[in-house]
Amino acid sequence: MASSKKPLSNKVSATTPKKTKPLSLLDVVEMGFLSLSASHKKTKSMTVALSGGVDSVVLLHLLHQLQKTQNFTLKASHVHHGLSKNADKWVKFCEKLCTKLSVPLDIHHIKLPQKKSLGIEGEARQLRYEKLLQSQTDLVVLAHHEDDQAETFLLQLIRGAGVKGLSSMAYFDATRRLWRPLLNTSRIDIEKYAKKHKLKWIEDESNQNIDFDRNFIRSKVLPILKNRFNHIIKVISRSTSHLAEAQYLLDDLAKIDLKSHLKSGNYKHKLKVKTLEKLSSARAKNVLRYWLEINEQMMPSRDLLDELLRQVLTAKKDATMKIYLSKEFEIRRYQDEIYIVPNNQKIQKNYEMIWAGESEIFLPNGQKLKFKKVKGRGINLKFLSNQKLKIRNRQGGESFKPDSKRPTKKIKQLLQESDLPPWEREFLPLIFIGDQLAFVPNFGVDIKFQPKPREVGLEVIF
């Protein structure tokens, strides 16, 4: 009996997938913006680092276009290095461009130091970032692209950098509020966009100077690599992403190793030696690198890091240890902790300051005191009705009694009994009401000036 079912056709029905339209640069920037706003706090303001070159001009144009669909304020920032005879012309170009787009522009003039320990490129970059990061904005937006990333990777490779350095530039740096929306975009695509929209830009003549390492890599090294390996830029970009992920894991490991040994209040400033003693050499050095990074220090060489770990682990508890990290900072050990301390602290000169109701006061050595009115603690405000609050440094002979159950003691004796490092004791500010010592940071308020639970006091935070 014949089957009633129809025979299956030998033809295979298949639908050809539709080719997806490549994303425009505006799409790329908008998707990045929405992603950042979703994963972090909503972005209400952005500052573009505007050099006047094609990359930053395109980025400014893109963000100006993005404002039509997204709600944020936009301004630009230009840094005048004074290195080029055309620097003033670049300022005028940026001013004209921003006026045309109705984008506010900040101009920053910087002067490179006579002694350039980081080289001209390094010093200029560091000062440029310092100015940009002073911007009162949610995000500082940079025009670095895929080719820049490849150049940075090769520079770091030549310098013998580790995982952190080889991961090169981050797409988003939450700590410094930096965003690089074009980091996965090629230089060619950026230039195509500029020509399509008939944008004008300036050419920095120093980009042709191959005495600078980055320019040498850009004009001499990368063309050879591209000629041999067509996709070298994409490949390097992918490798930097892998290295960045590895660095995140190393940072997470450092946080785990630090967690049980650091108090949150002193998290960035000091590190317990016992934290390092319990770790393998590799993990201990990873902790040191992370600790230096969160203290905004440059990464030391491998030899210096090895020497630092050796001295930390072998020095006696009462030994004087001092290792220079840079021309600005050194590492010192006191008891069971190591500290990052500014170099060449000058001998404290006598000073006296009068509090006039400010919320904060900067001391002569750059440290800061904050003032806040609270109930039941601090310095009783009733004593300030007819007397002035004075701030001065130690001059010797001061006495203090913060606890009614304990005898009055000399400040010198209290400091010797405390765990305050010797180099910090000289800079400890003392707070007086009239001529009477009322408050000493880290030790409390003298019993004569302590408020009752319902009385209002002035809390001084050091």
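Every heavy atom of this structure was used, including side-chain atoms; hydrogens, water molecules and symmetry mates were not. The first residue in the sequence is number 1, and the count goes up from there.
In this structure, Ile294 and Thr175 have side chains that are not in contact, with every pair of non-hydrogen atoms separated by 4.5 Å or more. The closest side-chain heavy-atom distance from Glu307 to Asp303 is not below 4.5 Å. When side chains are defined from C-beta on, Trp90 counts as touching Asp204, because their heavy atoms get closer than 4.5 Å. Contact check for Arg333 versus Ile323: no side-chain heavy atoms found under the 4.5 Å cut-off. Inter-residue side-chain proximity for Ile391 and Val460 is flagged as unmet; no heavy-atom pair is nearer than 4.5 Å. By the 4.5 Å heavy-atom criterion applied to side chains, Val312 and Ile331 are not counted as neighbours.
Considering all non-hydrogen atoms of both residues, Asp148 and Arg214 come closest at O-NH1, 3.5 Å. Residues Met46 and Phe72 come closest through the heavy atom pair CE-CE1, 3.3 Å. Nearest heavy atoms, Leu25 versus Val58: CD1-CG1, 4.4 Å.
To the nearest 0.5 Å, atom NE2 of residue His78 and atom CZ of residue Arg128 are 10.5 Å apart. Between the OG1 atom of Thr73 and the CD atom of Gln67 there is a distance of 7.5 Å, given to the nearest 0.5 Å. Note that the OG atom of Ser39 and the CG atom of Leu34 stand 10.5 Å from one another [nearest 0.5 Å]. Note that the CG atom of Leu166 and the NE2 atom of His242 stand 13.5 Å from one another [nearest 0.5 Å].
Looking at Lys42 and Asp138, no side-chain N of the basic residue comes within less than 4.0 Å of a carboxylate O on the acidic one, giving no salt bridge.
Between the side chains of Ser399 and Thr408, not a single donor N or O lies within less than 3.5 Å of an accepting N or O. Counting only N and O atoms by type, the side chains of Gln134 and Glu130 include no donor and acceptor under 3.5 Å apart.
Of the possible donor and acceptor atoms, none in the side chain of His145 sits under 3.5 Å from a partner among the backbone N and O of Leu182. Within the 3.5 Å criterion, the main-chain N or O of Pro402 finds a donor-acceptor partner in the side chain of Gln450.
The one candidate from Phe383, Phe400, Phe439 that meets the ring pair (Phe, Tyr, Trp, His ring centres under 6.0 Å) condition with Phe449 is Phe383.
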Check residues 92-105 and write down every donor-acceptor pair under 3.5 Å in which the side-chain atom is one partner and the other belongs to a residue at least two apart or another chain.
{"residue": "Thr99", "atom": "OG1", "partner": "Glu95", "partner atom": "O", "Å": "2.7"}

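Environment of CZ in Arg176: crowded, with over 12 heavy atoms of neighbouring residues, nucleotides or ligands closer than 6.0 Å. More than 12 heavy atoms of other residues, nucleotides or ligands sit less than 6.0 Å from atom NZ of Lys401. Residue-environment remark: CG (Asn386) exceeds the threshold of 12 foreign heavy atoms within 6.0 Å. Counting non-hydrogen atoms of other residues, nucleotides and ligands closer than 6.0 Å to CD of Gln136 gives a total of 12 or fewer.
Residues passing the side chain to side chain donor-acceptor pair (under 3.5 Å) test with Glu455, sequence neighbours excluded: Asn380.
In this pair, Tyr339 and Trp423 present their aromatic rings perpendicular. The plane angle is above 60°, beyond the 30 to 60° band. Ring pair Trp179/Tyr171 is perpendicular by interplanar angle, where above 60° counts as perpendicular and below 30° as parallel.
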**Report entry** Check against side chain to side chain donor-acceptor pair (under 3.5 Å), Ser51 and Ser56
**Finding:** CA-CA 6 Å; Ser51 67; Ser56 63; 3.2 Å; yes

